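These notes are about the structure you will find just below.
No hydrogens, no waters, no symmetry mates; every other heavy atom, side chains included, goes into these values. Bear in mind that the values here come from a model prediction, so they are computed numbers and not experimental data. Order of the sequence lines sets the chain letters (A, B, ...), proteins ahead of strands, with each chain counted from 1.
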Protein chains: 2
Amino acid sequence: MARPRSIDDPELMAKLSGVFREEGYDGASLADLARAAGLQKASLYHRFPGGKAQMADEALADALAWFADNVLVHLNGAGAPRARLDEALANLAVFYDDGRLACLLNMLSAPEGRKRPFDSGVKAGFAALTDGFAKVARDAGATGKSADSRAIRAVALLHGGLVMARGMGDTRPFSECLSAIPETLLADTLHEGDTR
Amino acid sequence: MARPRSIDDPELMAKLSGVFREEGYDGASLADLARAAGLQKASLYHRFPGGKAQMADEALADALAWFADNVLVHLNGAGAPRARLDEALANLAVFYDDGRLACLLNMLSAPEGRKRPFDSGVKAGFAALTDGFAKVARDAGATGKSADSRAIRAVALLHGGLVMARGMGDTRPFSECLSAIPETLLADTLHEGDTR
DNA sequence: GTCTATAACAGGATAGAC
DNA sequence: GTCTATCCTGTTATAGAC
């Protein structure tokens with residue numbers, strides 16, 4: 001999506017992503033990133049000539065790729081909508097460590113008109129997830145317009161749950177919101193309070 | 001809640017809040033804040049001896065006070081649940097400028113264990129809003145446990161909608177999420193797709 | 001109370017040795 | 001490719017005149 005991606009150490013990217021997810025783009029200093037990576041700042045600049053912006057860029061591309069492989073593939077795949085959705089939600093719970101880890105889409109989208117070329121990646125990430133949820137809703141029988149509405153609400157529940165979990169220092173809001181997503185997307189086939 | 005609050009220029013606080021909401025805590029430099037306030041950096045330090053942290057602290061206290069006066073007062077007031085909720089949602093739409101302005105609760109909650117004494121304010125803000133929504137749900141007939149779940153989902157919809165709107169540069173997700181809140185809180189009395 | 005000026009420091013980024 | 005050492009800029013913060 002974003003960059004052709006040369007071969008790079010996945011472990012390194014994971015460490016860098018962790019810093020960005022915890023500190024945000026501005027909050028993450030090169031010292032933080034170097035410490036987490038176990039490298040010197042100059043070494044990071046050898047891997048990322050574009051500096052911090054490139055690190056964030058690749059971290060985002062990495063996350064989007066993981067999303068595509070572990071979440072979207074289920075949402076957009078074949079099979080029963082509810083089963084597909086459960087697979088995707090289970091992997092989302094893993095990705096966000098049950099609400100303990102923030103989302104790069106939120107952490108990298110702060111400033112409005114300024115620099116940051118992340119905007120297109122962030123936008124694409126939200127759109128891809130929304131589309132995936134919408135497909136599940138349509139496959140479950142929702143009309144196109146209703147499916148779109150439900151998908152937006154589902155994405156908002158996911159990210160709102162993450163924001164709440166981080167802000168309150170409590171992962172329960174995230175769990176609550178995740179469990180609300182099936183009802184939100186598939187209300188025709190599920191009744192509130194049923195066996196789940 | 002946070003500080004006794006000496007008499008301070010509301011206009012100044014509004015300007016500073018705007019910078020924090022747009023740039024985030026780390027992204028907001030003193031130069032940004034001074035420019036927005038129309039003051040010199042040293043003047044800001046005269047008003048806020050505690051520096052940037054105090055500015056953010058007071059901005060948050062300010063926002064919480066506005067919330068209490070314009071949102072919570074309706075949610076926790078008397079009258080028909082739906083009418084109270086509509087009042088609160090209308091004011092929320094104003095506060096967030098229909099999704100164009102981010103929420104301080106999100107912008108100030110980034111780092112986990114670090115410094116930042118905002119955590120208690122952020123937590124209190126989420127809790128107060130959740131409690132207000134829960135009260136509306138209970139008054140509309142929901143059981144205590146169901147009301148709590150619905151309230152968490154409503155808060156998540158609100159903040160998730162804001163995150164989406166900012167990330168996608170489009171206010172429609174925010175509007176969609178706002179309109180989903182009544183259904184979420186009052187599902188017993190409203191059916192999806194009714195006249196609103 | 002607000003200004004000009006500046007000190008003290010951290011952050012991002014490079015040079016060059018190995 | 002990774003290190004040590006360093007530069008330069010922007011940032012936080014303070015001193016002192018008005």
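Of the possible donor and acceptor atoms, one in the side chain of B/Y25 sits under 3.5 Å from a partner among the backbone N and O of B/A53.
Scanning both residues, B/G167 and A/V122, for their nearest heavy atoms gives O-CG1, 3.7 Å.
Put simply, CG on B/L44 is 13 Å from P on C/dT4, counting in whole angstrom units.
Using a 4.0 Å cut-off between a side-chain N of Lys or Arg and a carboxylate O of Asp or Glu, A/K135 and A/D131 do not qualify as a salt bridge. For A/D32 and A/R35, the salt-bridge test passes: some basic side-chain N is under 4.0 Å from an acidic carboxylate O.
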Per-nucleotide protein contact string for nucleotides 3-18 of chain D, where B marks a base within reach and S marks sugar-phosphate only (heavy atoms under 4.0 Å, - for neither) = BB------SBBBB---
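Checked by atom type, the side-chain pair B/R150/B/S146 shows a donor-acceptor distance below 3.5 Å.
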